[in-house]
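Each remark here refers to the structure printed beneath this line.
Residue numbers begin at 1 in each chain, while the letters A, B, ... track the order of the sequences.
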Amino acid sequence: MGAMADRLGANLVALADTRDFGAWMASEQKRIFLLCRRMLQDFEDADAATQDTFLKAWQSLNNPKTKELDDPAKWITRIAINTCLDRLRSKRWHFWRKRPGAEDEAGILGMAASSDPDAEDRLFAKEIDRRLKQAVEKLSLRQRAAFTLRHYEDHSLAEIAEILDLDVGTVKAHLFRATEKLREELHDLYFHRGRK
Amino acid sequence: MKHWTENDFQNWLYGLKEEDQHVAECADCRAEMERLQVERRRVTEEPEVSPDFLAAQRRAIYQRLEEGPSRNWAAWRWVLSSAMLLAIFFGLAIPRWHKAAPPISDDQLFRDLSAMEQSAEPKAIAPMHNLFEQ
């Protein structure tokens, strides 16, 4: 945190609470970046969306109209999800864009050391994860957001409803449709080894 | 009581099915629920992100913060695109509207042509005749 705070430019130090903001950003940055990457399925877009998210947060925090935040983590998650949804909506027009290859990300993202010693299992899980990511692209934007928040971030339905500004019943309907569309991939993910 | 099916477990995992009396009492089903939770945590384990990349991203954010309130390029792009489309639309459509002549039937055209042919003097003379009429 100290090193991060030292990086603050001279102009920024003059701004109230900048150091607090910097420390908070550093603590949330990785989670928000991964959330954006899972939502957008594109490394460069996720990088830009993460930057946009924290810029919006900063602008909002400096707006006197902003109310006190009960849960900053949930608040920044909501900003990130909305930023990603905006990008996905505008991306529909960018069909000519070339997607960067997986090797472009290899130097930046590495799988965490798994506790599972079985290499074959890891390989299988990686393959299912790849299939799941492909299948997620078939989901509608709201289904994708609800599924990402549940599957990767383990949010409750009530939390997802709050983040997406929907009622719990609607979130449930989105999740139901999402899991129906991903049924084959999810089945292989969870039941490939059969019940013990 | 019947054990939960794979479908039931999957729905429960995604918050679509509540725990019931059966799973509260069935050791097998509870064990399966625990296995599935462990499995999901394992497959959704966060990848490592290079600290250099995160540091560069923070520098980019600070850089943009220093630049002041963000210029909303995306919004401006839409405004400019819309203005250009409108300009193109009016540029093409308005001259056509002005130039559009009333439709004339083939019969009318032949009548006009034969009238011109049978007339001894050109049509343009008619206004001059009007000048001398008392």
Rounded to the nearest 0.5 Å, how far apart are [atom1] of [X] and [atom2] of [Y]?
X        : Y         : atom1 : atom2 : answer
Glu39(B) : Leu189(A) : CD    : CG    : 6.5 Å
Phe21(A) : Leu65(B)  : CZ    : CG    : 6.0 Å
Phe43(A) : Phe53(B)  : CZ    : CZ    : 4.0 Å
Leu34(A) : Glu46(B)  : CG    : CD    : 5.0 Å
Lys30(A) : Leu54(B)  : NZ    : CG    : 8.0 Å
Tyr14(B) : Phe147(A) : OH    : CZ    : 4.0 Å

[X] versus [Y], closest heavy-atom pair with distance:
X        : Y         : result
Thr44(B) : Arg38(A)  : O-NH2, 3.5 Å
Ala60(B) : Gln51(A)  : CB-NE2, 3.5 Å
Leu13(B) : Arg150(A) : O-NH2, 2.8 Å

> Contact part of Leu157(A) toward chain B, heavy-atom cut-off under 4.5 Å: side chain, backbone, both or neither?
Replying inline: side chain

> Can you say whether Asp86(A) sits under 4.5 Å from chain B via the side chain, the backbone, both, or neither, judging by heavy atoms?
Replying inline: neither

> Do Arg41(B) and Asp154(A) sit within salt-bridge range, that is, some charged N less than 4.0 Å from a carboxylate O?
Replying inline: no

> Going through the checks in order, is the side-chain hydrogen bond (donor to acceptor under 3.5 Å, both in side chains) test met by Gln57(B) and Gln29(A)?
Replying inline: CA-CA 9 Å; Gln57(B) 190 177 63; Gln29(A) 186 188 3; 2.8 Å; yes

>> Among Arg31(A), Lys172(A), Glu153(A), His151(A), which residue has the highest count of heavy-atom pairs closer than 4.5 Å to chain B?
In response: His151(A)

> Any idea which of Leu132(A), Ile160(A), Leu186(A) has the most non-hydrogen atom pairs under 4.5 angstrom with chain B?
Replying inline: Leu186(A)

> Does a side chain donor of either His187(A) or Glu6(B) reach within less than 3.5 Å of an acceptor in the other side chain?
Replying inline: yes

> Under 3.5 Å, side chain of Arg35(B) to main-chain N/O of Tyr190(A), donor-acceptor pair present?
Replying inline: yes

> Heavy-atom distance under 4.5 Å to chain A: side chain of Asn7(B), backbone, both or neither?
Replying inline: both

